[in-house]
Amino acid sequence: MTTAAHLRDKFAVVTGASTGIGAAITERLAASGAHLVLVARSAGKLDEAAERLSRRHGVTVRAVALDLATADAPTRLAKTLADEGIEVEMLVNNAGVSTRGPVLDGDPARFRSLIDVNVTALTELTTLLMPAMVARGHGAVVNIASTGGYIPAPYLAVYAATKAYVVSFTRALWAETRSTGVRVVAVSPGPTETPMNPRGTRSAEAVAATVLRALSGNGPAVVDGRTNALTALLFGRLLPARLSLAVARRIMAKSGE
Ligand SMILES: NC(=O)c1ccc[n+]([C@@H]2O[C@H](COP(=O)([O-])OP(=O)(O)OC[C@H]3O[C@@H](n4cnc5c(N)ncnc54)[C@H](OP(=O)(O)O)[C@@H]3O)[C@@H](O)[C@H]2O)c1
């Protein structure tokens, strides 16, 4: 099992590390002594973060600018890591994009790209990087989902559906690999204040703390924060599906005003 205490001098790969929740996770991991591979599209932001994190925490930080919506990006990342002899102890699939509005007003190309980042890249990176962890008998894969993964979300339909995939995929993977020594967990934030969601109420730092804590747990899925956990339970399991959808539609329509 890989907890925060086991990360010292080991490498963690964090996608979507240039801003928001990903940046907060890298700060926590570096403070735990982990070396880092930062992945996102914005090369400049990644270089700045790499310089800051290595200066502040004395860890090695490698920045890899990559568009995870492109088909060969996960394979290229895995090859870069292998070529540089980087043994990955932890993978945090955090990169994500969102789009709001009625499905029928949406741009199919944008939906495709969103699914490529939120679903395809996450699945491929897990498939490419986790076998070496299993072979070593330790490591961790953390997939960042969302409370939207527990509740179909009108006006955020494609995004929430990708997050339902992340929760379902991670739970199944957890069941397949639970005796391997590799920790697999989906962490679901609710509304969190980041560039993706400036009106979010939780802080990215609180979510990052939940991610690190989730390493020491043993369940397949964790929701960040008590209110969010209650919301996921209520809308995802306790309320009848039609009522849950009707309330979700009202809330989402209002929040889009
Ligand atoms: N904020 C919330 O309320 C909230 C709630 C629930 C779940 N989440 C989830 O938490 C995760 C982080 O979100 P956030 O709120 O921190 O969002 P954010 O601040 O917008 O950060 C998203 C990160 O993903 C990267 N990214 C986006 N598209 C990419 C691409 N094509 N290739 C590579 N990297 C890409 C961005 O970097 P570049 O732009 O530099 O590529 C950035 O580092 C996401 O999975 C999101 O769905 C967020």
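Ligands are counted one by one from 1 in listed order, and the atoms in each one are counted from 1 as well.
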Can you find a side-chain donor-acceptor pair between [X] and [Y] that sits under 3.5 Å?
X: Glu89; Y: His138; result: yes
X: Thr210; Y: Arg213; result: yes
X: Thr170; Y: Asn143; result: yes
X: Thr123; Y: Tyr165; result: yes

Legend entry - salt bridge (charged side-chain N to carboxylate O under 4.0 Å, His left out) evaluation trace for Lys79 with Asp83: CA-CA 6 Å; Lys79 184 171 179 330; Asp83 289 349; 2.8 Å; yes
Inset, instruction - Could you tell me whether a side-chain N or O of Thr126 sits under 3.5 Å from a main-chain N or O of Leu122, the two making a donor and an acceptor? - result: yes
Can you pull every nitrogen or oxygen pair between ligand 1 and the protein closer than 3.5 angstrom?
from, atom 1, to, atom 2, distance (Å)
ligand 1, 1 (N), Thr192, O, 3.0
ligand 1, 1 (N), Thr194, OG1, 3.2
ligand 1, 3 (O), Thr192, N, 2.8
ligand 1, 3 (O), Thr192, O, 3.3
ligand 1, 3 (O), Asn197, ND2, 3.0
ligand 1, 8 (N), Tyr159, OH, 3.4
ligand 1, 15 (O), Thr194, OG1, 2.6
ligand 1, 16 (O), Ile21, N, 2.8
ligand 1, 19 (O), Thr19, OG1, 3.0
ligand 1, 21 (O), Thr19, OG1, 3.1
ligand 1, 28 (N), Arg41, NH2, 3.3
ligand 1, 31 (N), Asp67, OD1, 2.8
ligand 1, 32 (N), Leu68, N, 2.8
ligand 1, 37 (O), Ser18, OG, 2.9
ligand 1, 39 (O), Arg41, NH2, 2.9
ligand 1, 40 (O), Ser18, OG, 3.0
ligand 1, 40 (O), Arg41, N, 3.4
ligand 1, 40 (O), Ser42, N, 3.0
ligand 1, 40 (O), Ser42, OG, 2.4
ligand 1, 41 (O), Arg41, N, 2.8
ligand 1, 41 (O), Arg41, NE, 2.7
ligand 1, 41 (O), Arg41, NH2, 3.4
ligand 1, 43 (O), Gly16, O, 3.1
ligand 1, 43 (O), Ser18, N, 3.3
ligand 1, 43 (O), Ser18, OG, 2.7
ligand 1, 45 (O), Asn94, O, 2.7
ligand 1, 45 (O), Lys163, NZ, 2.9
ligand 1, 47 (O), Tyr159, OH, 2.6
ligand 1, 47 (O), Lys163, NZ, 3.1

